Enquirer: 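Structure incoming, see below.
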2 protein chains.
Amino acid sequence: MDTETAELRLLEAAETLFDERGVQAVGMDAIRTASGVSLKRLYQLFPSKDHLVWAVLKRRDGAVREAIAAHGATRADTPYTRALAVFDYLGDWFADPGFRGCAFINTFGEMGGISPDVADIARGHKQALRQYFAEQTDALGAPRELADQLAILANGAMVLAGIEGSAEPAVRAKDAARVLLDAAAPR
Amino acid sequence: MDTETAELRLLEAAETLFDERGVQAVGMDAIRTASGVSLKRLYQLFPSKDHLVWAVLKRRDGAVREAIAAHGATRADTPYTRALAVFDYLGDWFADPGFRGCAFINTFGEMGGISPDVADIARGHKQALRQYFAEQTDALGAPRELADQLAILANGAMVLAGIEGSAEPAVRAKDAARVLLDAAAPR
DNA sequence: GCGAATGGAGAACGATCGTTCCCCCGCTGC
DNA sequence: GCAGCGGGGGAACGATCGTTCTCCATTCGC
């Protein structure tokens with residue numbers, strides 16, 4: 001196995017395990033077993049568990065940003081529909097078996113108080129989502145506060161979908177987002 | 001120190017530490033030091049750390065439900081204003097120094113995947129908030145979906161306030177809630 | 001005043017975890 | 001074919017954690 005695939009398998013295995021059980025409840029040995037990569041190589045690629053956690057979150061951060069942009073670009077062609085398309089993306093995501101909430105929200109809750117790195121990544125990730133909404137609301141000539149409100153809806157939906165184990169919050173949030181969009185920037 | 005105050009000090013110390021650092025990062029010895037209650041008494045009152053975690057969450061659950069009801073009862077006198085008063089409560093809470101998000105959201109993220117008890121308490125707590133909103137929206141003759149949307153706003157505000165370290169999401173969410181309330185049940 | 005019970009301080013124990021080390025296999029260059 | 005070496009399996013190490021135990025002082029009923 002070459003370095004590239006070893007790193008990929010480690011990141012994928014760690015991400016899955018962290019999502020299922022949280023970060024601290026997952027031992028390095030479990031990651032080694034799930035990935036099939038030896039401890040020696042693991043520590044060559046990621047010199048500590050903190051480095052691995054950081055890399056997992058960073059990779060997920062980029063993937064989510066891309067997925068949201070792609071979702072908006074391919075399925076929606078106006079700022080209005082692009083803003084709403086985020087909630088369709090959430091609905092698909094929530095329907096994943098084993099979905100247990102947003103990794104950034106969960107990891108911040110677990111480690112945000114003791115790990116500034118984790119807190120920074122979570123903050124950056126959430127600001128990127130807000131920024132995406134802001135691009136759409138700016139294009140609509142709506143006030144910036146609307147973007148904040150859409151971000152609040154999206155994050156609230158993630159939390160409740162995770163805790164209740166249901167995809168329904170995505171459609172509820174989308175309906176609410178439509179009402180807010182119409183009120184702030186009527187088509 | 002009698003049993004009652006020992007239990008109270010333990011619950012308060014544990015709650016503070018869990019809020020600051022998460023559950024798994026806090027050792028029983030830290031709780032003993034912070035509370036001034038010996039380990040022997042601690043294990044007499046709570047036979048395991050899981051029992052203590054459960055008791056802390058249960059106590060907080062009751063306190064929050066009471067606080068929301070009290071906030072609505074004393075500062076608002078219609079279903080419309082009682083629904084909005086929740087967001088004022090959130091604003092006060094977010095402004096607490098050291099606020100780091102909702103204990104139920106954080107603990108669910110940390111342990112919801114490995115502890116059914118924690119998952120159950122978080123679910124119950126969030127359903128209680130939704131229920132409170134539902135009582136107000138029912139009285140307004142608004143559809144049940146509105147209560148879900150208000151709950152999504154409240155939880156999204158908690159998450160973003162915790163991650164960003166700002167109380168602003170409370171006022172953004174309140175503005176959004178007003179728009180949704182007006183759209184669904186005009187006064 | 002005395003024996004028994006209670007509770008405090010903290011050592012001790014067993015388990016687990018992150019990390020490192022050791023030993024050996026299999027490949028590579030010549 | 002062989003010396004050298006990178007990598008795998010897994011034991012080992014040191015730290016930490018949840019939990020229990022030991023020792024001792026204090027208190028309370030009589």
Side-chain angles (χ1 to χ4, degrees), chain A residues 1-58 106-107 109-118, chain B residues 1-58 106-107 109-118:
Chain A
M1 191 189 311
D2 65 359
T3 299
E4 218 169 319
T5 54
E7 187 173 320
L8 184 64
R9 288 204 200 174
L10 282 170
L11 290 171
E12 285 175 346
E15 180 169 341
T16 302
L17 290 170
F18 291 163
D19 282 353
E20 284 175 5
R21 309 186 214 161
V23 171
Q24 314 195 67
V26 174
M28 297 299 265
D29 216 61
I31 295 169
R32 171 212 126 115
T33 302
S35 66
V37 175
S38 73
L39 279 181
K40 186 185 269 183
R41 287 253 265 173
L42 199 173
Y43 277 95
Q44 279 175 359
L45 294 166
F46 305 99
S48 76
K49 189 178 184 180
D50 285 345
H51 285 79
L52 178 59
V53 170
W54 190 89
V56 166
L57 290 178
K58 211 64 189 171
N106 289 350
T107 311
E110 180 174 355
M111 318 187 57
I114 54 178
S115 165
D117 286 350
V118 164
Chain B
M1 192 190 310
D2 65 0
T3 299
E4 218 168 320
T5 54
E7 186 172 321
L8 183 65
R9 288 203 200 177
L10 282 170
L11 290 170
E12 284 174 347
E15 180 168 343
T16 302
L17 290 170
F18 291 162
D19 282 353
E20 283 174 5
R21 309 185 213 162
V23 172
Q24 313 194 68
V26 174
M28 297 299 266
D29 216 61
I31 295 169
R32 172 211 125 118
T33 302
S35 66
V37 176
S38 73
L39 280 181
K40 186 184 267 183
R41 286 252 265 174
L42 200 173
Y43 277 94
Q44 279 174 357
L45 294 166
F46 304 99
S48 77
K49 190 179 183 181
D50 285 345
H51 285 80
L52 178 59
V53 171
W54 189 88
V56 167
L57 290 178
K58 211 65 189 169
N106 290 351
T107 311
E110 180 174 356
M111 318 189 55
I114 52 179
S115 164
D117 285 351
V118 164

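Keep in mind that what you see is a predicted model, and the values were worked out from it rather than measured. Letters go in sequence order (proteins before strands), and every chain restarts at 1.
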Enquirer: I need the B:T5 OG1 to B:E12 CD distance, nearest 0.5 Å.
Expert: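 Those atoms lie 10.5 Å apart.
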Enquirer: Using atom CD1 of B:I114 as one end and atom P of C:dT16 as the other, report the distance to the nearest whole Å.
Expert: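 It works out to 14 Å between those atoms.
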Enquirer: For B:V37, which contact category applies under a 4.0 Å heavy-atom criterion: base, sugar-phosphate, or nothing?
Expert: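 Here B:V37 touches no strand at all.
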Enquirer: By side-chain contact (heavy atoms from CB on, under 4.5 Å), which residues pair with A:R41, not counting sequence neighbours?
Expert: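 Expected list: A:M1, A:T3, A:A6, A:V37, A:S38, A:Q44.
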Enquirer: Can you identify which nucleotide, out of C:dT19, C:dG10, D:dG18, has its nearest atom closest to the B:Y43 side chain?
Expert: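 The closest nucleotide is D:dG18.
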Enquirer: Send over the distance from A:D29 CG to D:dG10 P, rounded to a whole Å.
Expert: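 It works out to 10 Å between those atoms.
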Enquirer: On a plain distance test, is the side chain of B:K49 in donor-acceptor contact with the base of D:dG18 below 3.5 Å?
Expert: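 Side chain to base: no pair present.
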Enquirer: Take B:L39 and A:K40, find for each the nucleotide of DNA chain C with the closest heavy atom, and name the residue whose nucleotide sits nearer the 5' end.
Expert: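 It is B:L39 whose nearest nucleotide is closer to the 5' end.
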Enquirer: How do A:G27 and B:S38 order along DNA chain C: which one's closest nucleotide is nearer the 5' end?
Expert: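 Mapping each residue to its closest nucleotide by heavy atoms, the 5'-most match is B:S38.
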Enquirer: Not counting sequence neighbours, which residues clear side-chain contact (heavy atoms from CB on, under 4.5 Å) with A:E15? List them please.
Expert: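 Partners of A:E15 by the side-chain contact (heavy atoms from CB on, under 4.5 Å) criterion, ordered by chain and then number, come out as A:D19, A:V56, A:R59, A:R60.
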Enquirer: Grab the CG-C1' distance between B:L10 and D:dG18 for me, whole Å please.
Expert: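 Going from CG in B:L10 over to C1' in D:dG18 covers 15 Å.
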Enquirer: Mind calculating the distance between CG (B:L42) and P (D:dG18) to the nearest angstrom?
Expert: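 Going from CG in B:L42 over to P in D:dG18 covers 11 Å.
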Enquirer: In whole angstrom, what separates A:M28's CE from D:dA12's P?
Expert: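 After rounding, the reported distance stands at 21 Å.
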Enquirer: Counting heavy atoms from C-beta on, name the nucleotide in C:dT19, D:dT19, C:dC23 closest to the side chain of A:S48.
Expert: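 Side chain of A:S48 sits closest to C:dT19.
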Enquirer: Let me confirm one number: the CG-OG1 distance from A:N106 to B:T107, rounded to the nearest 0.5 Å.
Expert: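 With rounding to 0.5 Å, CG (A:N106) is 11.0 Å from OG1 (B:T107).
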